[in-house]
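Notes follow once the structure below has been shown.
The figures that follow rest on heavy atoms only: side chains count, while hydrogens, waters and symmetry mates do not.
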Amino acid sequence: MLPKVKNESDHNQQPVMTPKQKEPKKPKPSKFMKGLKQWMQVFPFLFLGLTGASVFVIYPLIKGIVMSFQDYNIMPGAESPFVGLENYAKAFSDPAFRYAVRNTFLNTVVTVPINWFLGLFFAVLINIQFVKYKITFRTLYYLPIITSWIVVAFLFRYLFADGDNGLINYLLVQVGIIEEPISWLQNQWTAMIVIWLFHIWKTVGWTVVIYLAALQGIPKELYEAASIDGANGLKAFRFVTIPMLGPITAFVIINLVMGAFNIFPQVYFITNGGPMGQTEVLQSMIYKQAFNNFNFGYSSALGVMMGLTIFLITLTQQKKLGKQRFM
């Protein structure tokens with residue numbers, strides 16, 4: 001029997017491999033759908049924030065502006081007639097308003113430079129390398145900020161009390177600086193000095209903490225390079241520290257100005273606007289007109305003017321400081 005001869009074609013024949021069928025590509029989502037998906041993910045968080053801002057910021061702001069053009073009556077169902085610019089005209093003819101504006105601007109002019117200088121000075125002093133216990137000093141300087149306004153106010157009323165009962169009067173008489181005790185809170189300018197000291201002592205710790213954090217963030221390599229170039233401590237402070245603190249200084253000054261305008265508790269708890277309304281400021285006047293005299297329309301007009309003033313001052317500072325190049 002003859003052997004079966006394999007066909008050459010059978011020997012070379014390979015199993016036919018069918019190419020893998022490629023899966024169809026999914027269409028890429030459009031930019032609109034991608035953005036919509038991102039918005040849907042963050043919408044619950046935005047909704048809570050926008051709701052809170054609308055209820056506690058936007059609505060009171062609009063309501064206050066509307067009330068400033070009315071003789072507003074707080075009684076339910078009572079009419080609040082529209083009076084136009086009468087409340088604003090009344091403010092400019094009111095001597096108490098002129099006192100309040102003067103005292104508010106004086107507080108800003110006096111306290112902001114002193115607060116800024118002391119904050120920077122103590123921050124640099126604490127940041128020196130051989131000074132230890134930096135956290136302890138930072139806590140001590142920040143302690144007045146978290147202390148209640150009422151507690152600090154009573155402390156200052158005791159320190160600057162009239163007669164021999166006040167600690168400041170007692171020390172000044174014992175040292176021989178003055179012969180008779182000073183009536184600190186019964187005179188216009190001495191009462192203003194007490195208010196300014198109260199404001200500075202209560203808020204300077206915030207400036208110290210901000211500047212101390214900024215100083216610790218300056219790279220040490222810059223000071224090493226300045227030392228190699230022959231710069232001493234003062235030159236390093238002038239040409240390295242000051243330029244590096246430029247943006248922080250802009251932030252600090254803007255916040256100090258805004259804080260100087262919000263000087264209600266300092267006046268209310270120390271002098272309550274006395275003597276004879278000579279230490280009144282805009283915020284204390286707004287409060288008294290609304291809740292003592294029930295002139296809500298007039299009080300709203302004062303609040304609108306104060307808000308516009310703060311906005312314009314802040315905007316001007318931001319523009320000026322924004323054009324500067326610190327490095």
Residues 35-44 side chain polar contacts: donor-acceptor under 3.5 Å, at least two apart:
none

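Nearest approach of N87 to A301, heavy atoms of both residues: CB-CB, 3.7 Å. Summarising the geometry of A153 relative to I270, their closest heavy-atom pair is O-CD1, 3.6 Å, with the distance given to 0.1 Å.
In terms of hydrophobic clustering, with Ile, Leu, Val, Met, Phe, Trp and Tyr side chains grouped at heavy-atom distances under 4.5 Å, I65 and Y59 are assigned to different clusters. Note on I74 and F291: same hydrophobic cluster, where clusters join Ile, Leu, Val, Met, Phe, Trp and Tyr whose side-chain heavy atoms are under 4.5 Å apart, directly or indirectly. Taken together through direct or relayed side-chain contacts under 4.5 Å among Ile, Leu, Val, Met, Phe, Trp and Tyr, Y298 and L85 form part of one hydrophobic cluster. F56 and L48 are members of different hydrophobic clusters when ILVMFWY side chains are connected at heavy-atom separations under 4.5 Å.
Aromatic ring pairs are classed by plane angle as parallel below 30°, tilted from 30° to 60° and perpendicular above 60°; the pair F97 and F92 is perpendicular. Between W206 and F251, the two ring planes are tilted [angle within 30° to 60°]. Between F294 and F296, the two ring planes are tilted [angle within 30° to 60°].
Looking only at distances, a side-chain donor or acceptor of T279 sits under 3.5 Å from a matching main-chain atom of G274. For the pair S299 (side chain) and I286 (backbone), a donor-acceptor distance under 3.5 Å is present. Looking only at distances, no side-chain donor or acceptor of K235 sits under 3.5 Å from a matching main-chain atom of A226. Under the 3.5 Å distance criterion, the side-chain polar atoms of N293 are left unmatched by any main-chain donor or acceptor of N295. Between the K202 side chain and the T147 main chain, a donor and an acceptor come within less than 3.5 Å of each other. For the pair T314 (side chain) and I310 (backbone), a donor-acceptor distance under 3.5 Å is present. Formation of a donor-acceptor pair under 3.5 Å by the D71 side chain with backbone atoms of V83 is not found in this model. Judged by distance alone, the side chain of N103 and the main-chain N or O of Y99 form a donor-acceptor pair under 3.5 Å. Under a 3.5 Å cut-off, the side chain of N272 and the backbone N or O of V267 do not form any donor-acceptor pair. With hydrogens and angles disregarded, no donor-acceptor distance shorter than 3.5 Å links the side chain of T190 to the backbone of Q186.
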Query raised in the report: Is there a side chain to side chain contact (heavy atoms under 4.5 Å, CB included) between L120 and T207 once you walk through the steps?
Result: CA-CA 7 Å; L120 180 60; T207 311; over 6 Å; no
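For an aromatic pair to be called close, the ring centres must be under 6.0 Å apart, and F69 with Y88 satisfies this.
Of the listed residues (F160, F198, W189, Y158), just one forms a ring-ring contact (aromatic ring centres under 6.0 Å, His included) with W184, and that residue is F160.
Between the side chains of T241 and Y223, a donor-acceptor pair is found at a separation under 3.5 Å.
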